[in-house]
Undergrad: 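Quick one: structure below, then a few questions.
In this text, all values refer to a predicted model and were calculated from it rather than measured experimentally.
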Amino acid sequence: MADPGMNGATVPEDRELRALLGDAHIVAVVGLSSNPDRPSNSVAGYLQEHGYRIVPVNPRETEVFGERAYASLLDIPSDVRVDVVDVFRRAEETPAVARDAVTIGARVLWLQDGIVNEDAYRIASEAGLDVIMGVCIRNTIRRLEHQEG
């Protein structure tokens, strides 16, 4: 995958996106809120409805969508194999999230719409993670499904 572009968004080709999302089963959602008015809530609900297991990561939550919430990625039990770390945090907070994603062995770091950080990109990509920045995972899944007909 290429380095972040001029607008900062980093998105692989559709073929690679389909493979990444098709191989993913468990998505840790960093910053997931139980508040239905928050974008993290609607996106995580969509993911769960589409067959993904959601692992909420937010120190202010105890449970979201029937799943136990964890204070940080490092608090998720090691037997829970996180495939994708989907991030709803300010850009300046994402390098630490990227380091934790590497530590837990995630395969993909996904920074949501409007979230771009070159340090997070470097940390994750140098450790072998696929990195997607600046786009919404829900909108991406919808777009790919629409293309499939």
Side-chain angles (χ1 to χ4, degrees), residues 1 3-4 8-36 38-145:
M1 182 182 328
D3 284 334
T10 301
V11 185
E13 303 263 336
D14 285 355
R15 184 182 74 254
E16 186 179 352
L17 280 171
R18 280 191 184 88
L20 291 173
L21 292 167
D23 290 343
H25 303 287
I26 300 178
V27 180
V29 183
V30 177
L32 177 54
S33 171
S34 59
N35 180 344
R38 303 293 301 171
S40 63
N41 186 278
S42 62
V43 169
Y46 178 88
L47 292 173
Q48 190 177 59
E49 289 168 8
H50 281 74
Y52 296 95
R53 177 178 172 200
I54 298 303
V55 179
V57 178
N58 186 331
R60 292 181 295 279
E61 299 287 355
T62 56
E63 182 178 291
V64 185
F65 294 118
E67 294 282 353
R68 178 180 172 197
Y70 297 92
S72 76
L73 289 171
L74 301 179
D75 293 317
I76 298 170
S78 59
D79 63 333
V80 177
R81 182 77 175 105
V82 173
D83 299 304
V84 177
V85 174
D86 185 27
V87 184
F88 287 87
R89 303 297 306 146
R90 287 190 291 276
E92 61 269 19
E93 297 176 23
T94 60
V97 175
R99 282 188 284 280
D100 289 352
V102 169
T103 299
I104 67 167
R107 295 185 329 208
V108 179
L109 177 68
W110 194 302
L111 305 185
Q112 279 294 131
D113 193 23
I115 305 170
V116 173
N117 185 289
E118 291 183 24
D119 289 334
Y121 176 89
R122 181 187 45 75
I123 290 163
S125 62
E126 286 178 1
L129 277 71
D130 289 298
V131 181
I132 297 145
M133 298 193 306
V135 295
C136 176
I137 192 170
R138 175 185 56 196
N139 294 346
T140 300
I141 292 169
R142 284 179 176 162
R143 182 178 61 77
L144 294 172
E145 285 177 346

Undergrad: Report the distance from atom CZ of R18 to atom CG of D23, rounding to the nearest 0.5 Å.
TA: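 Rounded to the nearest 0.5 Å, the CZ-CG separation comes out at 13.5 Å.
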
Undergrad: Is any side-chain heavy atom of V97 closer than 4.5 Å to one of D100?
TA: no

Undergrad: Any idea which heavy atoms bring L109 and A101 closest together, and the distance?
TA: CD1-CB, 4.4 Å

Undergrad: For R60, which residues count as a salt bridge (Lys or Arg N to Asp or Glu O under 4.0 Å) partner, sequence neighbours excluded?
TA: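 Here no residue qualifies.
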
Undergrad: Using the test salt bridge (Lys or Arg N to Asp or Glu O under 4.0 Å), find all partners of D119 that sit at least two apart in sequence or belong to another chain.
TA: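 D119: salt bridge (Lys or Arg N to Asp or Glu O under 4.0 Å) contacts with R122.
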
Undergrad: Could you state the interatomic distance from CG (L17) to CZ (R143), rounded to the nearest 0.5 Å?
TA: 6.5 Å

Undergrad: Evaluate the side-chain proximity of L111 to Y121: yes if any heavy-atom separation is below 4.5 Å, no if none is.
TA: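 Heavy-atom side-chain distance check fails, nothing below 4.5 Å.
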
Undergrad: My understanding is that only residues two or more places apart in sequence, or in another chain, count here; which of them pass salt bridge (Lys or Arg N to Asp or Glu O under 4.0 Å) with E49?
TA: none

Undergrad: E126: what forms a side-chain hydrogen bond (donor to acceptor under 3.5 Å, both in side chains) with it, not counting sequence neighbours?
TA: none

Undergrad: Looking at R15 and E13, is any side-chain nitrogen of the basic one under 4.0 Å from a carboxylate oxygen of the acidic one?
TA: no

Undergrad: What closest approach, in Å, do M133 and V116 show between heavy atoms, and which atom pair accounts for it?
TA: CE-CG1, 3.7 Å

Undergrad: Residues two or more places apart in sequence or in another chain: which of them pass side-chain contact (heavy atoms from CB on, under 4.5 Å) with V102?
TA: I123, A127, L129

Undergrad: For S33, what residues pass the side-chain hydrogen bond (donor to acceptor under 3.5 Å, both in side chains) criterion, not counting sequence neighbours?
TA: none

Undergrad: Let me have the donor-acceptor pairs involving side chains of residues 79-88, under 3.5 Å, with sequence neighbours excluded, atom names and distances please.
TA:
| residue | atom | partner | partner atom | Å |
| --- | --- | --- | --- | --- |
| R81 | NH1 | G105 | O | 2.4 |
| R81 | NH2 | G105 | O | 3.2 |
| D83 | OD2 | H25 | N | 2.7 |
| D83 | OD2 | I26 | N | 2.9 |

Undergrad: For I115 and A91, work out which heavy atoms get closest and say how close.
TA: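 So the minimum-distance heavy-atom pair works out to CG2-CA, 4.0 Å.
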
Undergrad: In terms of heavy-atom contacts, does CZ of R38 have more than 12 from other residues, nucleotides or ligands at under 6.0 Å?
TA: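 At most 12 heavy atoms, drawn from other residues, nucleotides or ligands, come within 6.0 Å of this atom.
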
Undergrad: List the atom of P12, the atom of L20, and the distance in Å for their closest heavy-atom pair.
TA: CG-CD1, 4.3 Å

Undergrad: My understanding is that only residues two or more places apart in sequence, or in another chain, count here; which of them pass side-chain contact (heavy atoms from CB on, under 4.5 Å) with Q48?
TA: I54, F65, E67

Undergrad: Please name all residues satisfying side-chain contact (heavy atoms from CB on, under 4.5 Å) with R68, sequence neighbours left out, ordered by chain then number.
TA: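 Result, side-chain contact (heavy atoms from CB on, under 4.5 Å) vs R68: Y70.
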
Undergrad: Without swapping roles, check the side chain of W110 against the backbone of D130 for a donor-acceptor pair under 3.5 Å.
TA: no

Undergrad: Are the side chain of Y46 and the backbone of I137 linked by a donor-acceptor contact shorter than 3.5 Å?
TA: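 Not a single qualifying donor-acceptor pair exists.
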
Undergrad: Which atoms form the tightest heavy-atom contact between T94 and A120, and what is the distance?
TA: OG1-CB, 3.5 Å

Undergrad: Nearest 0.5 angstrom please: C136 SG to R142 CZ, how far?
TA: 7.5 Å

Undergrad: As a quick check of understanding, evaluate side chain to side chain contact (heavy atoms under 4.5 Å, CB included) for Y52 and V29, giving each step before the final call.
TA: CA-CA 11 Å; Y52 296 95; V29 183; over 6 Å; no

Undergrad: Enter the distance from I104:CD1 to L73:CG here, rounded to the nearest 0.5 Å.
TA: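 One finds 4.5 Å between CD1 of I104 and CG of L73.
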
Undergrad: Would you please name every residue forming a salt bridge (Lys or Arg N to Asp or Glu O under 4.0 Å) with R89, sequence neighbours left out?
TA: E93

Undergrad: Please enumerate all residues that pass side-chain hydrogen bond (donor to acceptor under 3.5 Å, both in side chains) together with T62, with sequence neighbours excluded.
TA: none

Undergrad: Which heavy atom of P56 sits nearest to which heavy atom of L32, and what is that distance?
TA: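 For P56 versus L32, the nearest heavy atoms are CB-CD2, 3.6 Å.
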
Undergrad: Under the rule for side-chain contact (heavy atoms from CB on, under 4.5 Å), what residues qualify as partners of T103, not counting sequence neighbours?
TA: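 With neighbours one apart ignored, the set is L74.
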
Undergrad: How long is the gap from CG on N35 to CD on E61, to the nearest 0.5 Å?
TA: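 Interatomic distance, N35 CG to E61 CD, rounded to 0.5 Å: 8.5 Å.
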
